[in-house]
Protein chains: 2
Amino acid sequence: MAANDEDISRTAQSTTQRAYLALRDAILSGEIAPGERLKVETLKSTYATGASPVREALSLLTSDQLVERRDQRGFRVAQASKEQFEEILNLRCKLEDLALQTSLMKATKEWEDRLVLAHHHMSRAYNAPAKEFEEHHKAFHMALISACESPILLRFCDQLYSLNVRYRNFAGKSKGYAKRDVAEEHNEIFQAAVDRDTTRASELLASHYRITGNYLVDLLTIS
Amino acid sequence: MAANDEDISRTAQSTTQRAYLALRDAILSGEIAPGERLKVETLKSTYATGASPVREALSLLTSDQLVERRDQRGFRVAQASKEQFEEILNLRCKLEDLALQTSLMKATKEWEDRLVLAHHHMSRAYNAPAKEFEEHHKAFHMALISACESPILLRFCDQLYSLNVRYRNFAGKSKGYAKRDVAEEHNEIFQAAVDRDTTRASELLASHYRITGNYLVDLLTIS
DNA sequence: TAACAATAAAATAACGATATTATTAAACGT
DNA sequence: ACGTTTAATAATATCGTTATTTTATTGTTA
């Protein structure tokens with residue numbers, strides 16, 4: 001569910017989709033804290049909808065590992081920990097590396113065009129509101145690996161990306177973050193990708209994740 | 001959702017869980033064909049339950065990629081294709097290899113005990129009913145990687161395993177299958193694992209998958 | 001500690017609105 | 001005038017709402 005739903009986030013047809021996206025947003029942004037109970041009754045009124053869409057949305061979020069279901073005891077926001085953050089970081093490095101290499105191997109003209117556009121749009125959004133930048137940032141990272149021709153792997157990466165966003169938000173919007181030299185790192189990755197320099201792109205992407213990760217891990221207030 | 005629910009399959013408390021497991025079983029076994037519509041009304045009577053549990057179960061199966069949801073057009077069993085089978089095969093090799101290596105690296109005494117038992121139970125079940133063997137077979141493969149200390153990765157592997165089971169059932173219960181020399185392959189993998197021979201275990205596991213995969217791909221009746 | 005009361009989750013049922021699919025009838029061109 | 005296409009209608013099913021019941025957990029009090 002985490003995959004390819006962003007495009008319809010605005011025009012979400014079904015109430016279930018709207019509830020799912022709104023709730024996910026609230027959890028990823030930290031608006032609802034880890035461990036907090038998610039009572040269907042409360043959510044019903046918050047999102048002005050019935051019980052069925054809420055319960056379905058919660059079910060979907062359970063599969064995204066953003067919500068935990070304790071049998072007969074309702075739903076709660078998934079717990080977060082430094083260990084999990086490191087697990088996610090690690091898996092992202094491994095899985096995206098795999099996806100990136102495959103993607104570069106199978107790269108097409110259309111893929112390159114998609115990447116160029118995604119990179120351009122992200123570049124123009126560094127100073128945009130966090131939420132808007134986030135969208136473009138994700139689009140760029142997904143574009144990199146989008147030629148790997150493995151929908152399942154892409155879905156896993158998408159899911160991991162979302163989980164990671166949550167931790168990034170836990171670390172707070174410390175000013176320096178986006179400024180550091182993320183932009184330059186992105187540029188180098190982008191360049192290596194269009195050059196089809198697989199090994200260099202791989203290294204750059206992994207180091208990009210590890211640098212950001214180590215930077216974030218110190219800011220995490222959770223255990 | 002695909003993960004760690006087997007242990008409660010018998011004593012499934014909630015109706016939702018029961019419906020989920022029953023439906024998943026029906027899909028994995030091929031009892032319900034790919035593309036077939038899943039009408040809530042029909043399922044309600046089939047599984048003797050209400051609409052809410054059925055819809056929640058379908059939502060969960062959507063996240064497992066076993067069911068597709070088309071907006072306003074209800075649910076259908078996920079499509080299957082030779083391409084997807086190969087994708088799953090590939091991903092399984094890559095992800096389980098990663099998990100296996102990590103698992104062997106972090107192997108503990110408890111892990112070894114778990115593995116020994118799982119292998120023993122599987123060995124005694126080669127001639128048991130398919131469903132029973134399947135349970136032990138999965139337990140063995142999961143035990144191999146269970147020390148990797150990455151719940152998310154384990155969940156991915158679990159999901160892929162399930163998806164793969166579906167294709168194995170598509171190929172039909174051709175007699176020769178379990179007999180081939182799967183048993184011997186399992187034994188060798190097992191031995192390499194307890195010996196902590198990472199490279200050998202990796203190679204054996206991958207070749208185990210590829211051999212079985214190539215064997216199955218010819219039997220697949222689908223495109 | 002045990003029994004009881006309060007709370008909330010899980011499930012059922014009945015209903016209404018909306019969208020899709022199937023059927024039928026009319027219009028059109030060859 | 002016939003067959004094909006198009007349009008309108010009817011039937012079906014999904015989606016969502018609301019209300020109610022059952023059941024399990026939690027909190028309180030003797």
Side-chain angles (χ1 to χ4, degrees), chain A residues 1 5 7-27 32-64 66-79, chain B residues 1 5 7-27 32-64 66-79:
Chain A
M1 247 312 138
D5 283 325
D7 27 16
I8 55 162
S9 32
R10 290 286 166 222
T11 49
Q13 305 86 332
S14 62
T15 319
T16 299
Q17 280 297 318
R18 272 203 311 278
Y20 168 73
L21 292 169
L23 250 173
R24 195 178 65 152
D25 226 55
I27 295 173
I32 315 182
E36 200 168 318
R37 292 204 59 185
L38 295 164
K39 304 190 198 182
V40 180
E41 283 303 314
T42 315
L43 297 174
K44 255 173 49 177
S45 46
T46 307
Y47 297 105
T49 177
S52 323
V54 168
R55 292 185 66 97
E56 266 187 75
L58 287 170
S59 288
L60 293 173
L61 288 166
T62 298
S63 298
D64 289 343
L66 290 172
V67 163
E68 284 166 3
R69 162 179 239 161
R70 290 168 62 192
D71 205 81
Q72 238 78 26
R73 248 171 290 183
F75 301 90
R76 2 176 47 103
V77 177
Q79 222 58 58
Chain B
M1 246 311 137
D5 282 325
D7 27 14
I8 55 163
S9 32
R10 290 287 165 221
T11 48
Q13 304 85 335
S14 63
T15 319
T16 299
Q17 280 297 318
R18 271 203 310 277
Y20 168 74
L21 292 169
L23 250 174
R24 193 177 66 153
D25 226 55
I27 295 174
I32 315 182
E36 198 167 320
R37 292 204 59 184
L38 294 164
K39 305 190 196 182
V40 181
E41 284 301 316
T42 313
L43 298 173
K44 254 172 52 175
S45 45
T46 307
Y47 297 106
T49 177
S52 326
V54 168
R55 292 186 51 157
E56 264 186 79
L58 288 170
S59 287
L60 293 172
L61 288 165
T62 299
S63 298
D64 289 344
L66 290 171
V67 163
E68 284 166 5
R69 162 178 239 159
R70 291 168 63 194
D71 206 82
Q72 238 76 24
R73 248 172 287 182
F75 300 89
R76 4 177 46 103
V77 177
Q79 221 58 58

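Just so it is clear, the model here is predicted, and its values are computed rather than measured. Naming convention: chains lettered A, B, ... in sequence-line order (proteins, then strands); numbering from 1 in each chain.
Between B:Q72 atom CD and C:dT18 atom C1' the separation is 7 Å, expressed in whole Å. Rounded to whole angstrom, the span from the CD atom of A:E56 across to the C1' atom of D:dC15 amounts to 9 Å. One atom, CG of B:L60, and another, C1' of C:dA10, lie 14 Å apart when rounded to the nearest Å. Distance A:L58 CG to C:dA8 C1': 14 Å, rounded to the nearest Å. Spacing between atom CG of A:D71 and atom P of C:dA10 amounts to 7 Å, rounded to whole angstrom units. Rounded to whole Å, the distance from CZ on B:R69 to C1' on C:dT20 is 16 Å. The distance between atom CZ of A:R73 and atom P of C:dA10, rounded to the nearest whole Å, is 11 Å. Taking atom CZ on B:R70 and atom C1' on C:dA19, their separation rounds to 13 Å, with Å as the unit.
Within the structure, every pair that satisfies the salt bridge (Lys or Arg N to Asp or Glu O under 4.0 Å) test and touches residues 42-53 of chain A, not counting sequence neighbours, is listed here: A:E41-A:K44.
Using modelled atom types, one side-chain atom of B:R76 and one backbone atom of B:G35 make a donor-acceptor pair closer than 3.5 Å.
The stretch residues 33-55 of chain A touches DNA chain C through A:R37, A:K39, A:R55, each having a heavy atom under 4.0 angstrom from the strand.
Between the side chains of B:S63 and A:S63, at least one donor-acceptor pair of N or O atoms lies under 3.5 Å.
The distance from atom OG1 of B:T16 to atom CG of A:D71, rounded to the nearest 0.5 Å, is 8.5 Å. With rounding to the nearest 0.5 Å, the separation of CD1 in B:I32 from CG in B:L23 is 5.5 Å. Atom CZ in B:R69 sits 11.5 Å away from atom CG in B:L61 (nearest 0.5 Å).
Contact check, B:S14 against C:dA10: no side-chain N or O comes under 4.0 Å of OP1 or OP2. For the pair A:T15 and D:dG16, the criterion of a side-chain N or O lying under 4.0 Å from OP1 or OP2 is met.
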